[in-house]
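Reminder, nothing fancy here: chain letters follow the sequence lines and each chain counts from 1. The structure presented is a predicted model; accordingly, all values stated were derived computationally and were not measured.
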Protein chains: 2
Amino acid sequence: MAAATPSNPPPLLADPPPGSGTRARIRHAAARLFARRGYAGTGLKQVATDASAPFGSIYHFFPGGKDALAEDMIRTTGPQFMALVLGLLEERDDPVDAVVHAFDSAARDLVASGYADGCPVATMALDVVDTNETLRGAAADVFAEWIDGGTAWFSRHVSPDRARDLASAMVMLVEGAFLLGRTSRDPEPLRAAGRSMATLLAAAR
Amino acid sequence: MAAATPSNPPPLLADPPPGSGTRARIRHAAARLFARRGYAGTGLKQVATDASAPFGSIYHFFPGGKDALAEDMIRTTGPQFMALVLGLLEERDDPVDAVVHAFDSAARDLVASGYADGCPVATMALDVVDTNETLRGAAADVFAEWIDGGTAWFSRHVSPDRARDLASAMVMLVEGAFLLGRTSRDPEPLRAAGRSMATLLAAAR
DNA sequence: GTCTATAGGGCGATAGAC
DNA sequence: GTCTATCGCCCTATAGAC
């Protein structure tokens, strides 16, 4: 029996529940567009259209405009994504099984989204790293939290210093696998990443 | 003594040699801007300015406009980047040493560029994967060539099936490490990726 | 063939009607 | 507070002078 309920949560960027307020719909549409098309590639007109909201409402709820919307998106979806991954890791008792299961689950979600949704932060981070210091810092904070959270999880199974390298490797493999998987429209990179991560964990125990 | 000369090649996106033709300067400026700011974030006006070329010359040399320039950049810098990495791997006789050396060298280059230059293809790939099928395909071709090239190199030291997973892991770790390193302005992710890659290679022998 | 001027459209942001 | 019209700017692409 698994260690926790297979929660099977809704995708991070799925449609918002019916009856959501205007602000929630704007946040949601912005998060999806930013994640899929990047910062410069996303237009606020499109955000308003996708959110079924009037254009002016964006500035009513987010007076800081595009930058405020983007920072809110990075700082919101970042922790959500980590929670999703940690939840997947809890669905198996054995840590090696858990890692493989998490990557396999991510592979299925990637295919289910039509290869549209990978990491909600990576595209934004690369887009702004050279042009927007505030947003670069927000993305850096998110990645640091992921590595800290991963280090805590791996510390349950290996020594703390090894746990940190494992957490770094996990984040890097996830990011690289989403990049290759989305670009090649192929779930195999995520499965290969899971196998490599399993090898690294086994070697560290 | 090392297996090959430590060539210490110029950075992939350094300034073009003096006396280069207009076409070469345009290609070079475009490659650097696309790699650093992405597809939507790069303006052709800026390309012309950086290349010290008249705006119209872009369309004289690249009649296909922005898309042609971008595809040329992906298909040109992709193989150059692989050649650079394979060259680094030849600078050490022991394969584990070679892998660690390549990542350490990449870490130094990243710092030297002010955290501006990582993978020349990744930012473009994520930018266009959902909006431009031609450029997505070009990036997918490049990544596939990298994995094939890496598989050939690792096949000198491990069995072919293991070599492929190692090559995939290497590409994914490089991409993830550049993402984290550029975003956090820290060379440590690249060094950590090198350690993990060394562990994976050692476990496969 | 090199280079300039401009067309045509989309952008982020804002003012102000209701 | 919700929504629309519009401003000024920058974009890609092209036409045409030289």
Side-chain angles (χ1 to χ4, degrees), chain A residues 16 18-74 123-124 127-128 130-136 138, chain B residues 16 18-74 123-124 127-128 130-136 138:
Chain A
S20 295
T22 302
R23 181 189 166 90
R25 293 200 312 277
I26 289 172
R27 291 179 98 204
H28 201 94
R32 179 153 52 180
L33 284 168
F34 279 139
R36 294 182 178 178
R37 304 187 186 179
Y39 183 77
T42 296
L44 295 189
K45 294 249 172 68
Q46 189 67 48
V47 171
T49 300
D50 286 16
S52 301
F55 183 75
S57 294
I58 292 177
Y59 287 88
H60 175 70
F61 290 110
F62 297 90
K66 194 178 190 180
D67 277 18
L69 207 45
E71 182 168 0
D72 176 85
M73 177 272 198
I74 292 170
T123 305
M124 290 281 294
D127 248 33
V128 303
D130 248 41
T131 54
N132 188 315
E133 182 63 13
T134 303
L135 296 182
R136 181 199 66 78
Chain B
S20 297
T22 303
R23 180 189 166 91
R25 294 200 312 277
I26 289 172
R27 290 179 98 206
H28 200 92
R32 181 153 53 179
L33 284 168
F34 279 139
R36 292 182 179 177
R37 304 186 186 179
Y39 183 78
T42 295
L44 296 189
K45 290 248 173 67
Q46 190 67 50
V47 171
T49 300
D50 286 16
S52 301
F55 182 76
S57 295
I58 293 177
Y59 287 89
H60 175 70
F61 291 109
F62 297 90
K66 193 177 189 178
D67 278 18
L69 207 45
E71 183 169 359
D72 177 84
M73 177 272 195
I74 292 171
T123 305
M124 289 282 295
D127 247 34
V128 303
D130 247 41
T131 53
N132 189 315
E133 181 65 12
T134 302
L135 296 181
R136 180 199 68 76

First locate atom OG1 of Thr131(A), then atom CZ of Arg136(A), and finally report the distance between them rounded to the nearest 0.5 Å.
->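 Thr131(A) atom OG1 to Arg136(A) atom CZ measures 11.0 Å (nearest 0.5 Å).
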If you measure from CD1 on Ile74(B) to CE on Met124(B), what distance do you get to the nearest 0.5 Å?
->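 Here the interatomic distance stands at 4.0 Å.
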Partners meeting salt bridge (Lys or Arg N to Asp or Glu O under 4.0 Å) with Arg25(B) (sequence neighbours left out) = none
For DNA chain C, which residues in residues 29-49 of chain B have a heavy atom at a distance below 4.0 Å?
->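 None, since no heavy atom is under 4.0 Å.
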Strand contacts (DNA chain C) in residues 53-66 of chain B, 4.0 angstrom heavy-atom criterion |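 Those residues whose heavy atoms fall under 4.0 Å from DNA chain C, taken from residues 53-66 of chain B in numerical order, are Pro54(B), Phe55(B), Gly56(B), His60(B), Phe61(B).
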Search all heavy atoms of [X] against all heavy atoms of [Y] and return the closest pair with its distance.
X	Y	value
Thr123(B)	Ala35(B)	OG1-O, 3.4 Å
Ala40(B)	Asp127(B)	N-OD2, 3.3 Å
Thr134(B)	Glu71(B)	CG2-OE1, 3.4 Å
Ser57(B)	Thr22(B)	CB-CG2, 4.1 Å
Ala31(A)	Met73(A)	O-CE, 3.3 Å

Tell me, which pairs form a salt bridge (charged side-chain N to carboxylate O under 4.0 Å, His left out) where one or both residues lie in residues 35-56 of chain B, sequence neighbours left out?
-> Arg36(B)-Asp117(B)
Can you pull the contact range of chain A along DNA chain C, 5' to 3', using atoms under 4.0 angstrom from its heavy atoms?
-> dC11(C) to dT14(C)
Using a 3.5 Å cut-off and no angle test, enumerate the donor-acceptor pairs between side-chain atoms of residues 58-70 of chain A and protein atoms at least two apart in sequence or in another chain.
| unit_1 | atom_1 | unit_2 | atom_2 | d |
| --- | --- | --- | --- | --- |
| Lys66(A) | NZ | Tyr39(A) | O | 3.0 |
| Lys66(A) | NZ | Thr42(A) | O | 3.0 |
| Asp67(A) | OD1 | Tyr39(A) | OH | 2.3 |
| Asp67(A) | OD2 | Asn132(A) | ND2 | 3.2 |

